[in-house]
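Since we're looking at a predicted model, the values are computed, not measured.
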Amino acid sequence: MAFMAVLESDLRALSAEARRRYPAVKDGAEHAILKLRTLSSPSEIAHNDDILRIFLMACEVRTVKLSIIGLSCLQKLISHDAVSPSALTEILSTLKDHAEMVDEGVQLKTLQTISIIFQSRLHPENEDTMSQALGICLRLLENTRSSDSVRNTAAATFRQAVALIFDHVVLAESLPTGKFGFGGQLSRTNSVTGDVNRSINLSESLDHESVSGRPPVMRETLTETGKLGLRLLEDLTSLAAGGSAIWLRVNILQRTFALDILEFILSNYVAVFRTLLPYEQALRRQICSLLMTSLRTNAELEGETGEPSFRRLVLRSVAHIIRLYSSSLITECEVFLSMLLKVTFLDLPLWHRILVLEILRGFCVEARTLRILFQNFDMHPKNTNVVEGMVKALARVVSNVQVQESSEESLAAVAGMFSSKAKGIEWSLDNDASNAAVLVASEAHAITLAVEGLLGVVFTVATLTDAAIDVGELESPRCDNDPPVKWTGKTAVLCISMVDSLWLTILDALSLILSRSQGEAIVLEILKGYQAFTQACGILRAVEPLNSFLASLCKFTINFPVETEKRSSALPSPVSKRSELSVDQRDSIVLTPKNVQALRTLFNIAHRLHNVLGPSWVLVLETLAALDRAIHSPHATTQEVSTPVPKFTRELSTQSSDFNILSSLNSQLFESSALMHISAVKSLLSALCQLSHQCMTSSSLGPTTSQKIGSISFSVERMISILVNNVHRVEPFWDQVISHFLELADNSNPHLKNMALDALDQSISAVLGSDRFQDYKLSKSLEPSQEMEVNLDKLMSLECSIISPLKVLYFSTQSVDVRIGSLKILLHVLERYGEKLHYSWPNILEMLRYVADVSEKDLVTLGFQNLRVIMNDGLSALPTDCLQVCVDVTGAYSAQKTELNISLTAVGLLWTMTDFIAKGLLNGPFEEKEAGVGSTVKQIDRKKMEDQTRISYNVRDQASVDGVDFEKLLFSVFSLLQNLGADERPEVRNSAVRTLFQTLGTHGQKLSKSMWEDCLWNYVFPTLDRASHMVATSSKDEWQGKELGTRGGKAVHMLIHHSRNTAQKQWDETLVLVLGGIARILRLFFPFFTSLSNFWSGWESLLQFVENSILNGSKEVALAAINCLQTTVNSHSSKGNMPMPYLISVIDVYELVLRKPSSYRGNAADKVTQEILHGLGELYVQAQGLFNDVIYTQLIAIIDLAVKQAMLTNDNFEMEFGNVPPVLRTILEILPLLRPTEHISSTWPVLLREFLKYLPRQDSHLQNEDGKIDQARDSQVNYDAPNGATPISPNKIAVSPGSGSTAAIPSYIFAEKLVPVLVDLFLQAPAVEKYIIYPEIIQSLGRCMTTRRDNPDNALWRLAVEAFNRVLVHYVTKLTNGGPDSTISKPVRTRIWKEIADVYEIFLIGYCGRALPSNSISAVVLEADESLEMSILNILGDTILKLPVDTPSDVS
């Protein structure tokens, strides 16, 4: 065993040392070695005194070497418990003797041995041994001959012994082993907040500690160990008071040392004094009395009591009593605190006051201590408000800086101390600092302690408030519950009382030091205090402290030179003030680091307390508005940029960074409103409104106009930001925001008006653009549920509340600009979000309907732009019950007189509406809906018609889809177009007429039978009647165009075309459009119309109108009327869809109008007649299959009538112009079209005879044997002459004499054109009909050939010769080839040959002879004439005479 070996080695050393001079010691050591070898453990050594005796014997020699060896071995034995407790007295006696030795080594060994004894099982258990052991230490400590090392070792040994004694007391009395208090003064951290947090972490049982009264159980009896500790405590107290220690047998001891030991005991063994009554009484009666006496400063302090070390120990001891025992020593602690506070008032050395301030600071940064003190004193009505006194004392120290001469230096030193502390560096003066510098540093130290103490109170209040939230006594500012009228929790009541008692004093002191400080560290620390206390006030709902701290903080955010100078200067006159302001406004705004940090602190507070600020928001917002102006000001800079430095570019980026950060914080505050409670958002909005109102209503002595507008702009922008970030719950505060915008829009300032309108636009767009407004149709397509119904009701309410402000804004103001702005907003809404709207359409349409009737062009234009968006893009989103309203609104814009182009475009929108309505008709539940018109167009027979009629009624029953009566809507559009068709503006009515008939034509197949009947009788024919009536009754006075200016004093007007320069002519154009529209629908749907029961009466009225238009209307109307009939007939006759009565009625009308005189003359009449003739020709071509002999004969008679009228009205036309009149040209054009079809081939003679009579006649020279033909040719044809003229014979018509006394050569121009046409027709005729008319053709051609005698220069005889040759060759060829012509009877052939012979005879050798040509005929013409004569002779010789033709003998 190592211990045994070491012990044997020590014995050998002892034997060797005592060998010469102390043989007894040598023999004893050797004997002990032998004895030791028989022992095996320390316990066996303890039971054998031989080993201990040899070491005591060595010590008794009292030589240094032997004593050191002996004491060392004793220490080893004691340490290994190899000594019996009974030997303690003898050992202590030996140690006492050695303590009196002068050798330092022996003294140190002695103290070391005593220390080991107290730590071993030999620990003294009775008064004698205890006092003897402690007495050894104290004698060495107080011995003047002891060295410093011995004294220090003795002091340390005594302190250790005292600690071990009281540890034994704790164990013996079964007290908690943990220490309740702090084992000395807390070391400081880098900040006050760190000190407070550390004190919280080191506090034991903060919530379970008893804060008033004594613990429930105090023990009066003590164990023997407890009594020993009490005796020791009493002696130490006596020594600290300057007396003697009876038990310790010490007459005098340094008071500082004794007080230090007492301070150690008080701070580390709190449980002893709180649990054991004798100890508590000793504390109250002896220790407190000692400290009170030591604290007195009313007498001159002398000796040891006046030294700083003693004063520090006294104060520390007092601090421990106050910190740890104030709950049981109420009166004593109150006295102590009063004495401490008194020190701060007295004119004592600065170091003394600093010591007291350190103690007070310690109380303030310890949350537990401050809480106990405030509860035991300030909240107790019978006790002094010690915490309030401490705060006032600290604040007084801070406020004294204003009166000190070296205040600026002191404040700079304070800033340096805070800066060093923040960096973890101990602040110190230079070694060679002057006394003045030391004084300044001391003053700065005092101020620093005071500021830290105040901040400690602030952070303690904040910490306690957070603790109250954690235990549920206070509600977190994140909660949305309304706070109770009065807090009842213990900690909550404490916090409220502390705030109410201390806030004003703290605010004054902190605001003072903040205003005078520039250092970054101290500014940050104070601003942290501002933030902590303000947040605590907000949580506690302490309104006045909250507002006061916010107002104070806001003063440190932004400095506006204009406002500062304005408040500080007296103004002699308003004029001078305005001039000063205009100059001051150009001053730059400089944001110092303090301003920036204050702003950040303000943002932190606002974020933390956004749910509880309530009315206090106004203070925050005023500052934020000023910040917003500064950010957007071109003159605003940070302090770094305003200071001239070389690297300007880098600092400019710093400035930009600062402003960007502040701007971002400013925006984030309002973006975070999405996390606020609804009540908090309302409070924030109310504050913004209040800020805006203040700027709107402020007097001229307030902020400048630009500042006011800037604040209003800030308020408006932030309101928009709040709405944008709260669109998911916008209902509770929508009205609040919008009502302010509306009020702002009513302001006289145009800038504010525009601002309000833009804000309203952005707000509405933000809400409508959110996810809450999905497509209404999509939601309706889902299966309905109760939850969905509730959501739809909410959506309806929200949508109406969003759109209704536009209507309110429009109707509540007379300002055109505001109304324009309202309509622009509506336009933006409809363009971007129209498909999302559903419930607000009635309000929108009502507003647009009202706009249509105003006189301001800009309003009407904007209103119509809104309507166009609805009609073009939003009809599908329009509720069914709003479609009719939309139609009415469109009609109102069509009828308005403010802007013509709008009316025209609105009419086009009505067409868009009909397209939409037609889709509704098309999408009906029955597919047969389309069959109403379509199949009728294809099938005319009655059975089909009855089926379609039945289907049409079914369609009408189903015309209402999804609750929409599309028929009613369609008729309402038609009604509007019909009314617009009577508008006094030609452009509008013409557009309406076009649209009406175009829509009918486009969507007519979707209309049922009954709908078409309504359309025809209620809209189509009435439109025609009204247009006709207006034509008849309108003025014929010429209009003057729009005045363009003046020239030479006379007005200059725009030229109007002569065809449109009267109202009647304008109505003629409208009537033409009506007729064109009717023609279109008749062309498309005439077969279907014929199935309608009353259509015939309508057709008759149409025919009557056409007749009247041709006879009495203008040329344009007449032509349109003809085209109307003609289009119908042409479109349906060829398809067999034109019933015979309708066809006959058309022919009858044409015949009637040709027989009756018209109201116009000349070219117009000719043009009308030409159109009729073309129409008749086309009619016959298209309806050939419908013609019979009677109708065809009537048609030819009508053509014949037209020829006669043309020849009569154009009597001198041929002579004057030398060409065929237009009407006759038209007849020549249509004549080839009139050849009879096979089923009416018997009418060929009728056709040819009617026109043969218009060839020249020479009755006196030609006598025909066929009496029937002569009679037909010579019969008188009577017809109505225009204007009551007498009938004229055909002879007169055929050859019209020239004017004058002598007869002129007749003109045969019409006959020249007619001959080739007739020959072509004749050659196309069937054989039977051809040979019936053959003789008449030969005769007529012969008469034409005889005109050579009277007029050899004209072309008629030449054309007749050519035609005669063609007819003759055709006849002979047929006979030769044995065709059908060869079957003609011989009498007929004889008659034909006779006529041919007569022609040859008369033309070649008869009276016609060869006429002498005039001198004007050229040689070429003469040669052609001779060639023509030769041709007729060749045909005679080669064809007739040589061929075997059966010519009669007399003819041959």
Side-chain angles (χ1 to χ4, degrees), residues 768 773-785 788-804 807 826 829-831 833-850 852 866-894 906 909-927 929-930 954-977 999 1002-1003 1006-1008 1010-1011 1014-1015:
L768 291 179
F773 283 87
Q774 299 299 330
D775 191 1
Y776 173 78
K777 292 183 179 180
L778 180 61
S779 63
K780 292 293 285 184
S781 65
L782 303 175
E783 288 193 16
S785 62
M788 182 178 295
E789 293 296 330
V790 173
N791 292 335
L792 288 178
D793 290 341
K794 292 181 179 179
L795 187 64
M796 176 182 66
S797 176
L798 176 59
E799 181 184 322
C800 293
S801 65
I802 290 171
I803 300 299
S804 59
K807 180 180 176 182
L826 179 59
V829 169
L830 293 177
E831 288 175 342
Y833 311 108
E835 73 281 356
K836 295 185 177 182
L837 300 179
H838 182 77
Y839 303 101
S840 54
W841 285 112
N843 286 335
I844 294 174
L845 294 174
E846 179 185 353
M847 179 179 172
L848 296 180
R849 175 63 183 85
Y850 180 85
N866 283 275
L867 181 63
R868 286 183 67 182
V869 173
I870 297 173
M871 296 293 287
N872 291 331
D873 304 322
L875 281 178
S876 59
L878 214 61
T880 56
D881 55 345
C882 292
L883 290 173
Q884 181 61 54
V885 182
C886 189
V887 171
D888 296 339
V889 173
T890 309
Y893 279 95
S894 303
L909 292 182
L910 289 174
W911 191 351
T912 303
M913 176 60 79
T914 58
D915 292 341
F916 176 77
I917 296 171
K919 291 179 182 178
L921 293 172
L922 178 64
N923 295 330
F926 289 95
E927 294 182 0
K929 186 169 186 176
E930 292 302 320
N954 290 335
V955 172
R956 185 177 180 88
D957 293 338
Q958 299 296 332
S960 179
V961 180
D962 293 335
V964 184
D965 191 346
F966 287 105
E967 289 187 14
K968 182 179 178 182
L969 280 176
L970 193 62
F971 287 146
S972 65
V973 176
F974 291 161
S975 179
L976 282 174
L977 292 172
T999 53
T1002 303
H1003 306 298
K1006 302 181 180 70
L1007 303 184
S1008 66
S1010 59
M1011 291 178 69
D1014 290 341
C1015 289

Are Y839 and S797 close enough, and set up right, to give a side-chain contact (heavy atoms from CB on, under 4.5 Å), and what steps lead you there? CA-CA 8 Å; Y839 303 101; S797 176; over 6 Å; no
Stepwise side-chain contact (heavy atoms from CB on, under 4.5 Å) test for L970 and F974: CA-CA 6 Å; L970 193 62; F974 291 161; 3.6 Å; yes
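Heavy-atom contacts from other residues, nucleotides or ligands closer than 6.0 Å to OH of Y850 number 12 or fewer.
With a 4.5 Å cut-off on side-chain heavy atoms, L768 and K836 do not count as touching. When side chains are defined from C-beta on, M1011 counts as touching F971, because their heavy atoms get closer than 4.5 Å.
With rounding to the nearest 0.5 angstrom, the CE atom of M871 is 9.5 Å from the CG atom of D915. Within the model, atoms CH2 of W841 and CG of L830 stand 5.0 Å from one another, a figure rounded to the nearest 0.5 Å. Atom CD of E831 and atom CZ of R868 lie 10.5 Å apart (nearest 0.5 Å). With rounding to the nearest 0.5 Å, the separation of CG in L976 from OG in S894 is 7.0 Å. Taking CG from N866 and CG from L826, the interatomic distance works out to 4.0 Å, rounded to the nearest 0.5 Å. If you take CG on L848 and CD1 on I870, they are separated by 5.0 Å, rounding to the nearest 0.5 Å.
Among all heavy-atom pairs drawn from L910 and L977, the shortest one is CD1-CD2, 3.6 Å. Of all non-hydrogen atoms in A918 and K1006, the two that sit nearest each other are O-CD, 3.5 Å. Taking all atoms of both residues into account, the shortest heavy-atom contact from L845 to C882 is CD1-O, 3.6 Å. Heavy atoms only, all atoms of each residue included: L837 and S840 are closest at CD2-OG, 4.0 Å.
Residues satisfying the salt bridge (charged side-chain N to carboxylate O under 4.0 Å, His left out) test with E846, not counting sequence neighbours, are K807. Partners of R849 under the salt bridge (charged side-chain N to carboxylate O under 4.0 Å, His left out) rule, at least two apart in sequence or in another chain, are D853. Legend: residues meeting side chain to side chain contact (heavy atoms under 4.5 Å, CB included) with T912, ordered by chain and number and at least two apart, are N872, L875, L909.
Side-chain N or O atoms of T1002 include none that pairs as donor or acceptor with a backbone N or O of T999 at under 3.5 Å. The closest donor-acceptor contact from the side chain of S972 to the backbone of L969 lies under 3.5 Å. Using a distance-only test at 3.5 Å, with no hydrogens or angles considered, a donor-acceptor pair links the side chain of E799 to the main chain of H838. The main-chain N or O of C800 is found under 3.5 Å from a side-chain atom of S804 such that the two form a donor-acceptor pair. Within the 3.5 Å criterion, the main-chain N or O of L798 finds a donor-acceptor partner in the side chain of S801.
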